[in-house]
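Have a look at the structure below, then the notes.
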Amino acid sequence: MMPHANRSSGRLSTSLASLLTDLSAVVGATNVLTKSSQQQSYTQGAIASITDAVAAVVIPDSLVALWRVINLCAAVDVIIIAQAANTGLTGGSTPYGEYDRAVVVISMQRLGGVHLLNDAAELVALPAASLQQLECKLAPLGREPHSVLGSSCVGASVIGGICNSSGGMLVQRGPAYTEMSLFAKRNAMGEFELINHLGIDLGAAPEEMLGNLQAGTFNKNPDSANSKSCTNHHYQHKVRDCEADTPARFNNDPNGLYEASGSAGKVIVFAVRVATFAKPTQEQTFYISTNDADTLTTLRQQWLKSELNLPILAEYMHQDYNDITMRYGRDTCLSMRKLPASKIGALYRLQAKIGYYLDKWRLPQTLPDRMLQIASTFMPPSLPNSLAEQACSYRYHLIIKVADGNNTDDDNRNGNNSGSHGHIAAAQAFLQSHMQQHQGVVHLCTAAESQALLVFRSAATAAMFRYHNLNHTRFGELLSTDIALPRNAVDWNEVLPINLQKQVSKTFYLGHFFCHVMHQDYLLHPEVDAKKFKNELLAFYDRRRIEYPAEHNVVMSIPQNLHYILFIKN
Ligand SMILES: Cc1cc2nc3c(=O)[nH]c(=O)nc-3n(C[C@H](O)[C@H](O)[C@H](O)COP(=O)(O)OP(=O)(O)OC[C@H]3O[C@@H](n4cnc5c(N)ncnc54)[C@H](O)[C@@H]3O)c2cc1C
């Protein structure tokens, strides 16, 4: 059993060999994966793993075992990569590139568990607890987790979301955030210290605390009136301020970084304490389409300045994105509509395994996409006919979802769970009046249409990747950016300067419109120097006071050789 990390040297270092033995003693030999065929679904994420340094993937089954594993790793100074559901698009939960030391990936997948607190107004989530599990657990209690959209459908964990500041679609709640967590961080001596900021007494010694935490032997009605927060209370006010010349949120924003929140692998998180939210009694999705970008600019400004309650989400898609999601997203839409999140996670792992064998047998990496694309022609369309015509007939589209009966952030903080009503009717009146005065249409979705539309939006990026993958001979590289516009920006409908336009074959735009966070994809002409283009593009962004990355870190993919470049502004 020869671990990757040592193939290059051809010799297993003594400390690494004894680390593997010690890890096996803690978690069992079958949970220390050292062969690349076993590791594939843990080392492969959205960003292809390009490393030879993974000594082992370790899968502990208790918090105490996790604590022992990280201490063993720290003692020999290996690099630790924490991984939850591995759906993050940033590459943070998988190895990438060159490392100066061996890498141990720790999968949290067997560390599930949720403890409800204070009559389910809050909860403690352990590392593998997923948003979808929370949704099922909270629904009978009339509550829901921070997010029931987007990455929830693919099995994302609560802690992965906190670490990644996830939750891009959520206009009212903003990115996942808490100041209450239990985490381990390395001190100046390189040793791990366990820090309990859950606001719950768990005991004194680390293993005692972790044992109590996992077993739920602690006070389930802890004081919630301390100065720490377990949700983002300020986001609504920030989003509303659409005259501000700074973005509502972006990765480097120090206001969103607090211990576990935004830590993205820099500490090991054992548990987070987060708020839950009253489940809406009624929801309504509006589908708004126009050929006039200013119609959407004024819609956003007027809504944000009005007395209207903030929508749950307000997602933008350009017609070109609609078009490729119709053509290349059928199977993704179908799987998201029909499969539970846990099964979709399993599909991702299967895909990673297939990729491994294609590579091993020197078969084209496009093979699965080609087969799925052919199969998808026999599947139902990505959107029902009632929406498809509108999606194809206009250039600019907004999906706005509004709720009655869900409490606001302030209600939540003040313990007022009575909810609020009349928001749907007010939003409908506003939208219909706005679209009558301007050019365009507003469609009131049925519940089924609403689900189809949100799945369609979530499947768009995957469809775009497939489009590029299957057409890579026609295009050069694909550059994907994730940017936060100043809240007062009106140039969201980007017009590239001529020097950039000349290098681009196609552009695709979508985004979190009210938050002014956009995901932009540039398909370059063949032969264009992608690095040079990227620098010119960033200079263009800088002139517009755009911050990047807004919520994900990936900017560039070159699927032909599966090489990706991370995009992090220092
Ligand atoms: C189809 C699709 C749709 C998506 N939609 C959205 C969306 O709408 N909004 C959005 O924001 N994101 C979205 N994402 C991105 C992603 O799903 C989220 O970022 C998600 O929150 C990541 O959760 P995870 O459990 O997969 O975490 P992982 O990807 O496993 O990890 C994320 C980060 O957290 C760290 N981490 C995880 N667990 C621990 C731990 N216990 N201790 C320390 N560090 C840890 C990892 O090292 C990594 O840096 C989407 C992804 C896909 C594939």
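Indexing begins at 1, ligand by ligand and atom by atom, following the structure's order. Quick note: residue numbers are just sequence positions, from 1. Computed from a predicted structure; not experimentally measured.
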* **Residue-ligand contact I81/ligand 1, heavy atom below 4.0 Å** => no

* To do: May I ask whether V267 has any heavy atom positioned less than 4.0 angstrom from an atom of ligand 1?
  => yes

* Contact check, side chains of I268 and I80, non-hydrogen atoms, under 4.5 Å -> yes

* **Side-chain touch I195/K185, heavy atoms, less than 4.5 angstrom** => yes

Can an N or O of [X] be found at a distance shorter than 3.5 Å from an N or O of ligand 1?
{"X": "M169", "result": "no"}
{"X": "A82", "result": "yes"}
{"X": "Q83", "result": "no"}
{"X": "A85", "result": "yes"}

* Hey, what do you get for OG (S382) to CZ (R457), rounding to the nearest 0.5 Å? -> 14.5 Å

* Kindly compute the distance separating CH2 (W67) from CZ (F192), expressed to the nearest 0.5 Å. => 8.0 Å

* Structure fact -> Min over I70, V269, L454, T94 of heavy-atom distance to atom 41 (N) of ligand 1 lands on V269

Counting from 1, what ligand 1 atoms have a heavy atom of [X] closer than 4.0 Å?
{"X": "T87", "answer": "15 (C), 16 (C), 17 (O), 20 (C), 22 (C), 23 (O), 24 (P), 26 (O), 29 (O), 51 (C), 53 (C)"}
{"X": "A84", "answer": "25 (O), 27 (O), 30 (O), 37 (C), 38 (N)"}
{"X": "S157", "answer": "23 (O), 24 (P), 25 (O)"}
{"X": "A156", "answer": "20 (C), 23 (O), 25 (O)"}
{"X": "M336", "answer": "1 (C)"}
{"X": "I268", "answer": "42 (N), 43 (C)"}

* May I ask you to check if R173 and F277 form a cation-pi contact, with NZ or CZ under 6.0 angstrom from the six-membered ring centre and within 45° of the axis? => yes

* In plain terms, say whether R186 and E191 are close enough for a salt bridge, that is, a side-chain N and a carboxylate O under 4.0 Å apart. => no

* Asked: Below 4.0 angstrom, N of the basic side chain to O of the carboxylate: do E207 and R68 qualify?
  -> yes

* Measure across S480 and M464 and return the closest heavy-atom pair with its distance rounded to 0.1 Å. => OG-CE, 4.4 Å

* Structure fact -> Closest non-hydrogen atoms of A260 and V269, given as atom of the first, atom of the second and distance, are CB-CG2, 3.8 Å

* Structure fact -> Within the 4.0 Å heavy-atom cut-off, what N164 brings close to ligand 1 is side chain

* Asked: With a 4.0 Å heavy-atom cut-off (strictly under), which part of I159 contacts ligand 1: side chain, backbone, both or neither?
  -> side chain

* What about the rings of Y396 and H318, do their centers lie closer together than 6.0 Å? -> yes

